[in-house]
There are 2 protein chains.
Amino acid sequence: MTAATVSRALSDHPEISAKTKAIVKETAQRLDYKANRIASSLRSGKTNVIGVLIPTAENAFFGSVIHGITNLASKHGYSVLIHECDELYELEVKGIQTFIGARVDGIIASLSRNTLDYEHFLDVKRRNIPLVFFDRVPNLDIPSVVIDGFNGSFWATQHLIDQGYKRIAHISGPLYINTFNDRFRGYEAALKANNIALDKNLIYNGNISIESGMEGTRQLLELPEPPDAIFVAEDFTALGILKQLKISKINVPEQFGVFGFCNDMFSEHTTPSLSTMDQQTVLMGQEAFKLLNRIIENGNEESSSRIVVTPLPVIRESSLKKNY
Amino acid sequence: MTAATVSRALSDHPEISAKTKAIVKETAQRLDYKANRIASSLRSGKTNVIGVLIPTAENAFFGSVIHGITNLASKHGYSVLIHECDELYELEVKGIQTFIGARVDGIIASLSRNTLDYEHFLDVKRRNIPLVFFDRVPNLDIPSVVIDGFNGSFWATQHLIDQGYKRIAHISGPLYINTFNDRFRGYEAALKANNIALDKNLIYNGNISIESGMEGTRQLLELPEPPDAIFVAEDFTALGILKQLKISKINVPEQFGVFGFCNDMFSEHTTPSLSTMDQQTVLMGQEAFKLLNRIIENGNEESSSRIVVTPLPVIRESSLKKNY
DNA sequence: CTGAAAGCGCTTACAG
DNA sequence: CTGAAAGCGCTTACAG
């Protein structure tokens with residue numbers, strides 16, 4: 001029996017007899033033989049490996065997306081190479097180069113915080129390696145999976161209005177990042193839809209941190225006409241808001257409403273518990289893999305497709321004025 | 001110029017002239033040439049890939065360890081294949097098989113919750129693939145990185161005693177898992193060191209969940225002689241304890257002390273904030289990679305080495321009776 | 001200092 | 001239904 005026959009038997013080639021297959025498989029099992037996927041990749045041109053590039057795994061959001069990706073990938077016979085760039089442009093480029101060298105069948109990526117140059121991703125396109133972005137996506141015509149920050153923020157702001165809050169402020173994330181800009185625009189649109197004039201004083205530019213939530217809240221409270229609610233673009237910042245309100249002895253939600261965005265691990269456990277928009281992170285990972293898999297199988301026809309994941313409102317204590 | 005020369009020039013082979021190297025490198029850059037690592041792996045017998053097997057990435061602990069591993073791995077020229085087993089034995093076996101097929105240079109693994117059979121890991125040893133365990137380790141003579149749960153728990157219990165708490169209960173994790181058994185024994189030893197008799201009624205077997213923390217606390221409070229403090233093996237359970245104490249209107253830390261273990265994301269942000277032992281997760285990942293790397297480089301001489309990471313106490317509000 | 005040749009372990013078109 | 005042969009793209013011992 002030749003190597004060719006063994007190879008065909010193990011991959012269930014239709015022209016091999018059932019008897020031969022049985023013998024080969026039994027023997028392979030007995031000898032604990034595991035085909036060398038490196039050799040098979042070299043010959044077949046398919047590695048069955050995808051690369052996943054993320055800013056950092058030390059963050060529940062990305063961990064959860066990874067979970068969504070690897071689970072599905074494994075079911076479809078793919079292994080996952082992971083590369084963290086630590087929010088550094090240089091490491092992001094290095095990660096892409098590693099993936100290219102490894103001849104991955106496709107790449108799923110989320111941009112580092114300070115990536116402004118996309119040359120490394122254009123290189124990927126030039127080599128016809130399927131590429132999908134999620135969450136932090138570039139302004140390029142490349143398939144991606146994003147959260148519907150606009151409508152989610154519209155919903156949250158409307159909810160605060162419906163609960164009877166009158167002056168609703170916004171603490172944003174860095175507005176040059178699309179994700180946070182969308183949330184700001186959703187807030188803005190909800191005010192307009194309710195004929196509430198946008199007051200520039202009620203907008204504080206935060207930077208995704210507890211500290212900026214505290215500082216923003218302090219500044220907003222010192223206004224001649226302070227707000228009585230805040231819609232905030234991210235939950236760590238929301239935590240800072242809750243901390244500062246506690247320090248300032250302002251009762252949430254009776255006197256002041258807070259609505260976040262992300263539904264982080266801790267959001268359920270703050271006092272009071274935080275109303276927020278759940279990002280459906282696992283679903284996001286799954287959608288990213290499904291999209292990549294479709295592109296790998298069908299070629300680049302869906303090059304400009306964009307999957308929009310709807311965030312789910314999670315109403316907890318911090319926004320329920322009407323209960324009082 | 002032949003492929004051989006190009007190969008040597010790109011890998012800085014000492015016998016190649018500086019001039020040739022310069023030409024080759026410039027040309028490679030211009031043509032955007034990236035060596036095929038698949039082919040080089042096949043020929044050289046080294047893939048420069050390590051496999052990391054974890055129960056789930058949807059958990060801050062493992063995400064953080066991954067962070068520690070990938071960072072160092074990348075610096076040492078390794079890529080990381082990741083495989084989640086979702087706490088399922090079958091997927092754990094599948095992950096190991098995938099790693100073997102991919103001919104990884106080494107494996108870092110943490111056991112699934114219900115792995116009792118180690119045949120797949122013995123297979124790895126038989127093939128002489130370097131293997132390191134972390135956190136959840138099997139009873140095998142295989143290198144590993146673990147947290148010093150015994151001494152950490154001793155320290156925490158002693159701290160509660162020093163703060164003046166008199167009857168200190170323990171809510172454990174599943175005691176058949178070494179990690180949690182160590183913590184129970186540390187608690188036990190601290191009592192003994194202080195001549196406090198172990199009261200079996202003060203020990204509740206939890207299962208790493210908010211619910212078990214609440215239920216355990218309820219039962220402990222109903223005791224004829226209820227405790228006035230709890231050392232708990234894990235922070236989610238601690239969260240349940242805090243919730244139940246709030247419901248039962250018992251003030252922490254004045255009337256009742258709570259000390260956890262893990263230092264999860266949320267532990268800093270509970271009310272009151274939770275005193276706990278930090279597991280140094282990133283350090284754990286780094287140590288695991290360093291150990292693996294040493295074994296890859298020096299062969300299996302350190303086959304029974306065990307790295308013990310010291311947990312760091314993080315004293316917050318929930319255990320500071322003396323402040324009152 | 002560089003080249004020619006073999007070979008890593010598979011897969012696959014071609015032949016029978 | 002199975003075999004013989006070529007080849008994927010590198011690396012490396014050997015030769016010069």
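Chain letters run A, B, ... following the sequence lines, proteins first, then strands; residues in each count from 1.
- When rounded to the nearest whole Å, the span between CG of Leu10(A) and P of dG9(C) equals 16 Å.
- Considering only side-chain N and O atoms, Thr5(B) lies nowhere under 4.0 angstrom from the phosphate OP1 or OP2 of dT2(C).
- For the pair Arg37(A) (side chain) and Ala102(B) (backbone), a donor-acceptor distance under 3.5 Å is absent.
- Across all strands shown, nothing is found opposite dA13(C) as a Watson-Crick or G-U wobble partner with both distances under 3.5 Å.
- Ring-centre distance between His120(A) and Phe99(A): not below the 6.0 Å cut-off.
- One atom, CG of Asn36(A), and another, P of dG7(C), lie 18 Å apart when rounded to the nearest Å.
- Residues Ala4(A) and Glu15(A) each lie close to DNA chain D; by heavy-atom proximity, the contact nearer the 5' end of the strand is made by Glu15(A).
- The phosphate of dC10(D) (OP1 or OP2) has a side-chain N or O of Tyr33(B) nearer than 4.0 angstrom.
- Residues Asn181(A) and Thr179(A) have side chains that never bring a donor and an acceptor to within less than 3.5 angstrom of each other.
- Atom NZ in Lys34(B) sits roughly 17 Å away from atom C1' in dG9(D) (whole-Å rounding).
- Rounded to whole Å, the distance from NZ on Lys46(B) to P on dT12(D) is 12 Å.
- Atom CD1 of Ile38(B) and atom P of dC8(D) are 16 Å apart (whole Å).
- Looking at Arg8(B), its side chain comes within 3.5 Å of the base of dG3(C) through a donor and an acceptor atom.
- Distances were taken from every side-chain heavy atom of Thr2(A) (C-beta onward) to each of dC10(C), dG3(D), dT2(D); the shortest belongs to dG3(D).
- Arg43(A) places its CZ atom 16 Å from the P atom of dA5(D), with the value rounded to the nearest Å.
- Side-chain atoms of Ser41(B) and Thr47(B) include no donor-acceptor pair closer than 3.5 Å.
- Of the side-chain N and O atoms in Ser40(A), none sit less than 4.0 angstrom from OP1 or OP2 of dC10(C).
- As a whole-Å value, the separation of Ile16(B) CD1 from dT12(D) P is 13 Å.
- Residues Ser44(A) and His13(B) both approach DNA chain C. Their nearest nucleotides, taken by heavy-atom distance, put His13(B) toward the 5′ side.
- Taking the nucleotide of DNA chain D with the nearest heavy atom to each of Thr20(A) and Ala39(A), the more 5' of the two is matched to Thr20(A).
- When atom types are taken as modelled, the side chain of Asp135(B) and the backbone of Val146(B) share no donor-acceptor pair closer than 3.5 angstrom.
- Per the geometry, CG belonging to Asp12(B) stands 15 Å off C1' belonging to dC1(C), to the nearest Å.
- For the OP1/OP2 pair of dG9(D) and a distance below 4.0 Å, the side-chain nitrogens and oxygens of Ser7(B) include no atom meeting the criterion.
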